[in-house]
*Asks:* 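For reference, the structure I am asking about is given below.
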Protein chains: 2
Amino acid sequence: MSFQERKKKILMILDEFEALSVMEISRKLSISPATVRRDLQDLSEEGLLQRTHGGAMKLDNLPFVAFHKKQTANTESKQEIGKLAAAQVVDGDTIFMDCGSTVFAMCAHLKKLNKLKVITNSLPIVAELIDTPGIGINLIGGELDKERRAVHGDMAVQHIDTYHVSKAFVGVDGISLQNGLTAHSEKEAQITKAFLKNAEQVYLLTDSSKIGKDAYVKFGTLKSIHFLITDAQLTGPLKKKIEQEGVRVLQ
Amino acid sequence: MSFQERKKKILMILDEFEALSVMEISRKLSISPATVRRDLQDLSEEGLLQRTHGGAMKLDNLPFVAFHKKQTANTESKQEIGKLAAAQVVDGDTIFMDCGSTVFAMCAHLKKLNKLKVITNSLPIVAELIDTPGIGINLIGGELDKERRAVHGDMAVQHIDTYHVSKAFVGVDGISLQNGLTAHSEKEAQITKAFLKNAEQVYLLTDSSKIGKDAYVKFGTLKSIHFLITDAQLTGPLKKKIEQEGVRVLQ
DNA sequence: CTACATTTGATCAAAAATAATCATTATTAA
DNA sequence: TTAATAATGATTATTTTTGATCAAATGTAG
């Protein structure tokens with residue numbers, strides 16, 4: 001039995017039982033305790049279970065932790081961007097929050113606010129903020145994109161259109177002077193577009209690696225955003241040109 | 001049992017009882033008082049409970065209890081009801097799933113189905129089913145009830161009204177011949193009512209303890225449901241009378 | 001305030017689990 | 001096929017956890 005198979009099986013039986021000991025897993029899968037420990041360590045490092053002394057436990061809100069793959073890409077620069085973005089929010093605000101890891105990074109820095117209303121289509125954001133007393137959440141309804149852990153589709157867009165908020169915090173897959181805002185997926189573009197349309201101030205959060213890059217779905221121009229929050233890498237003529245389009249750059 | 005497991009269990013029983021002595025915890029979890037003290041100290045340092053002389057007290061603003069509490073109340077009878085309800089679902093169905101622990105219990109038994117579409121307002125259900133390949137999920141949008149981990153409110157009702165499905169699986173807080181279906185909360189009643197309205201077949205899931213009891217919000221008659229799925233405790237004249245109202249009882 | 005009982009925190013030894021090491025087996029590449 | 005590589009299981013030293021003991025601290029009753 002390969003590691004991938006064992007990994008799957010371990011997660012499956014762990015889904016059924018809350019907690020398992022190394023020996024139990026060893027017996028159930030007929031593999032040695034040493035291998036079980038190695039597997040558990042790997043799975044734990046991937047964030048798929050909680051390692052304990054003697055075994056492993058199911059993770060509570062694992063299902064909503066979307067970024068299994070991207071989690072590694074959760075760099076300091078994203079945290080910085082998230083912090084800066086969160087600083088734009090004040091008590092009593094109502095904001096849109098798009099899905100994506102950069103916008104998600106805002107969450108940690110929003111928790112001290114009061115009377116904040118967050119409208120989002122992202123389950124990880126919901127999971128992160130649901131137990132914060134000062135924050136109320138409205139969830140966009142519609143079809144669930146399991147991969148992205150977010151709601152999308154026509155119904156979601158219609159739903160977003162029933163709201164009007166002061167600030168929207170959105171992400172992109174690409175932004176350039178030539179093609180404006182671009183995304184890898186039409187569904188995602190559709191949602192972000194709806195956020196842009198119904199917010200007075202639009203904050204685009206992206207690390208500098210995406211600036212100057214294009215994805216294949218064009219969904220907005222630079223004029224449709226008001227602030228670009230990014231890392232210190234963006235400098236020189238490109239920054240100037242973006243600012244000339246009427247975008248305020250925050251770094 | 002590892003520290004992580006004990007920690008969870010201590011918080012769970014502490015949520016049920018307001019305060020506990022070291023000896024009570026020691027007996028309940030079959031661990032020595034010394035270990036209990038160590039655990040309580042750790043938990044206290046994490047700010048998850050208030051240490052007292054001789055034991056510990058529950059903290060008011062403890063955030064994540066609601067979730068686990070329901071899971072604790074996951075009795076065998078609920079599991080049986082969930083299983084029986086899940087057996088009514090076939091490949092290709094589109095179903096409504098209400099929030100509540102009894103309906104939640106269906107999830108474990110739905111995982112082998114294919115091309116199933118689940119429309120729900122309950123985050124625990126979404127979390128449980130999101131990684132099941134054969135199941136697609138539509139999330140009802142609207143205001144999030146943090147306590148119940150579900151979406152409710154007018155927007156949610158409007159959203160539900162845009163769907164029409166073959167089967168709805170709903171829960172109640174009370175059901176009786178005199179007052180029909182009742183709930184503890186208007187918001188919850190509103191949602192369940194919307195589910196009833198837009199489904200061809202309505203399955204009401206409840207353990208027998210709620211049959212014959214009333215909650216204060218009346219939201220439907222016995223005629224508005226088609227099936228009652230419950231445990232074996234429901235017998236005799238009451239069962240007869242419910243069946244005379246046109247409800248098929250499944251046990 | 002004192003005496004008594006209970007609880008606690010510290011220390012320690014026993015038990016359990018782990019990480020590290022190494023030989024063996026299985027898999028892959030050449 | 002053979003060599004090289006990776007994965008597995010067994011062994012052992014180390015670490016962690018646990019429960020017990022006991023002096024000190026805290027709370028309670030008289």
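All chains are named by letter (A, B, ...) in the order of the sequence lines, taking the proteins before the strands, and each is independently numbered beginning at 1. Just so we're clear, the structure is a prediction, and the values are computed from it rather than from any experiment.
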*Asks:* Can you list every pair that meets side-chain hydrogen bond (donor to acceptor under 3.5 Å, both in side chains) and has a residue in residues 29-38 of chain A, with sequence neighbours left out?
*Replies:*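 Residue pairs with at least one partner in residues 29-38 of chain A: A:Ser32-A:Thr35.
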
*Asks:* State which residues pass salt bridge (Lys or Arg N to Asp or Glu O under 4.0 Å) with B:Glu18; sequence neighbours excluded, sorted by chain then number.
*Replies:*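 Only B:Lys58 meet the salt bridge (Lys or Arg N to Asp or Glu O under 4.0 Å) criterion with B:Glu18.
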
*Asks:* Round to a whole Å and report the spacing from CE of B:Met23 to P of C:dT6.
*Replies:*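 Interatomic distance, CE of B:Met23 to P of C:dT6: 12 Å.
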
*Asks:* A:Glu5 CD to C:dA26 P: how many Å, rounded?
*Replies:*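 Going from A:Glu5 (CD) to C:dA26 (P), I get 16 Å.
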
*Asks:* Does B:Thr52 reach a base, just sugar-phosphate, or nothing at all? Heavy atoms under 4.0 Å.
*Replies:*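 Sugar-phosphate contact only - B:Thr52 comes under 4.0 Å of backbone atoms but never of a base.
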
*Asks:* Taking salt bridge (Lys or Arg N to Asp or Glu O under 4.0 Å) as the cut-off, I'd like each qualifying pair that reaches into residues 83-101 of chain B, sequence neighbours left out, listed once.
*Replies:*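 Residue pairs passing salt bridge (Lys or Arg N to Asp or Glu O under 4.0 Å), neighbours aside: B:Asp93-B:Lys167.
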
*Asks:* Suppose the criterion is side-chain hydrogen bond (donor to acceptor under 3.5 Å, both in side chains): which pairs have a residue in residues 6-17 of chain A, not counting sequence neighbours?
*Replies:*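 Sorted pair list: A:Arg6-A:Asp39, A:Lys7-A:Glu46, A:Asp15-B:Lys111.
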
*Asks:* Just how far, in rounded Å, is P of C:dT7 from CG of B:Leu20?
*Replies:*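 So the CG-P distance, B:Leu20 to C:dT7, works out to 14 Å.
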
*Asks:* Does A:Ser176 form a side-chain hydrogen bond (donor to acceptor under 3.5 Å, both in side chains) with A:Asp214? I'd like the steps, not just the answer.
*Replies:* CA-CA 7 Å; A:Ser176 69; A:Asp214 292 322; 2.6 Å; yes

*Asks:* CZ of A:Arg37 versus P of C:dA20: gap in Å, rounded?
*Replies:*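 Going from A:Arg37 (CZ) to C:dA20 (P), I get 13 Å.
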
*Asks:* Can you build the contact string for nucleotides 15-30 of chain D? Use B for base contact, S for sugar-phosphate-only contact, and - for no protein heavy atom under 4.0 Å.
*Replies:* -SSBBB-----SS---

*Asks:* In chain order, what residues pass the ring pair (Phe, Tyr, Trp, His ring centres under 6.0 Å) check against A:Phe96, with sequence neighbours excluded?
*Replies:*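 Once residues adjacent in sequence are excluded, the partners of A:Phe96 under the ring pair (Phe, Tyr, Trp, His ring centres under 6.0 Å) criterion are A:Phe195.
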
*Asks:* At under 4.0 Å, does any side-chain N or O of A:Arg51 touch on OP1 or OP2 of C:dT18?
*Replies:*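 Indeed, a polar side-chain atom of A:Arg51 lies that close.
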
